[in-house]
Amino acid sequence: MPFEFKLPDIGEGIVEGEIVRWLIKEGEHVEEDQPIVEVMTDKATVEIPSPLKGKITKRIGDEGEVIKVGATMVVIEEEEEGQSGVKLEPEKPRVDKPKTKPQEPRQTEAPVPAGGPVLATPAVRRLAREMGVEL
């Protein structure tokens, strides 16, 4: 089954990259995580690895060509499941359940001292005075 490998999002704000050098040829067999192409962005030059094991049936783009993030770079003919053991299925989102119960909300009001002066900064005292609030 052919798999279209697209240029992944390499980093923050990167929207395109220039193909510097192909590390594979059409018809060549690649292993999973084997570097297949060098791509230069405005931030760095990186090697893009193969996402799976198989045979490269088509390379899209020539060296020096600029390609957009999300554009197909290569088509890989996956090996049969019995040969590679790789089965690509969309990952299901993992939902972790909390291991402990949520804590009760804490009391947010400060205790009122009995009979003594209220502790407040001068700015708070001025604001209270302006708003007509008695501390």
Side-chain angles (χ1 to χ4, degrees):
M1 173 177 184
F3 174 77
E4 291 186 5
F5 180 58
K6 301 175 185 328
L7 178 63
D9 185 5
I10 299 170
E12 263 183 53
I14 303 297
V15 295
E16 63 186 14
E18 179 183 338
I19 297 172
V20 176
R21 180 172 60 125
W22 283 104
L23 304 172
I24 47 93
K25 295 178 179 140
E26 285 187 10
E28 192 174 322
H29 180 81
V30 292
E31 296 293 322
E32 186 174 356
D33 295 328
Q34 175 183 340
I36 57 175
V37 66
E38 286 182 0
V39 176
M40 180 174 59
T41 66
D42 41 334
K43 295 186 179 186
T45 300
V46 295
E47 288 183 344
I48 307 291
S50 173
L52 49 92
K53 188 180 197 179
K55 179 181 175 184
I56 302 297
T57 56
K58 186 174 183 183
R59 285 189 330 191
I60 301 170
D62 295 321
E63 292 180 0
E65 189 174 325
V66 175
I67 58 173
K68 301 279 184 194
V69 169
T72 301
M73 297 177 60
V74 294
V75 178
I76 303 172
E77 185 68 37
E78 296 179 69
E79 289 187 346
E80 295 297 320
E81 188 177 327
Q83 293 176 352
S84 68
V86 175
K87 184 176 180 183
L88 294 179
E89 292 181 9
E91 287 188 25
K92 294 178 184 174
R94 193 173 112 188
V95 180
D96 292 332
K97 294 182 181 179
K99 294 178 182 172
T100 60
K101 292 193 300 185
Q103 294 180 353
E104 294 294 322
R106 295 184 182 191
Q107 181 180 2
T108 57
E109 296 177 15
V112 179
V118 175
L119 297 175
T121 63
V124 171
R125 290 183 183 281
R126 186 184 76 228
L127 181 62
R129 219 178 14 259
E130 289 172 0
M131 296 180 73
V133 175
E134 184 179 323
L135 297 175

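Note that CD of Glu47 is 10.5 Å distant from CD1 of Ile36, once rounded to the nearest 0.5 Å. Summarising the geometry, atom CE belonging to Met73 is positioned 4.0 Å from atom CD1 belonging to Ile67; distances are rounded to the nearest 0.5 Å. For the atom pair OG1 of Thr72 and NZ of Lys6, the computed distance is 3.0 Å after rounding to the nearest 0.5 Å.
A side-chain contact (heavy atoms from CB on, under 4.5 Å) with Thr41 is found for exactly one of Ile10, Val46, Val69, namely Ile10.
The stretch residues 125-135 participates, sequence neighbours left out, in these salt bridge (charged side-chain N to carboxylate O under 4.0 Å, His left out) pairs: Arg126-Glu130. Applying the side-chain hydrogen bond (donor to acceptor under 3.5 Å, both in side chains) test to every pair with at least one member in residues 15-30, sequence neighbours left out, gives these pairs: Glu16-Lys68, Arg21-Glu38, His29-Glu31, His29-Glu79.
Across all non-hydrogen atoms, the minimal contact from Pro49 to Phe5 is O-CZ, 3.8 Å.
When the side chains of ILVMFWY residues are joined at heavy-atom separations under 4.5 Å, either directly or via intervening members, Leu7 and Met40 end up in two distinct hydrophobic clusters. One hydrophobic cluster, built from ILVMFWY side chains closer than 4.5 Å, holds both Val30 and Leu52.
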Could you pull out all donor-acceptor pairs under 3.5 Å where a side-chain atom in residues 55-62 meets a protein atom, sequence neighbours excluded?
residue, atom, partner, partner atom, Å
Thr57, OG1, Val75, O, 3.1
Arg59, NH1, Ile24, O, 2.7

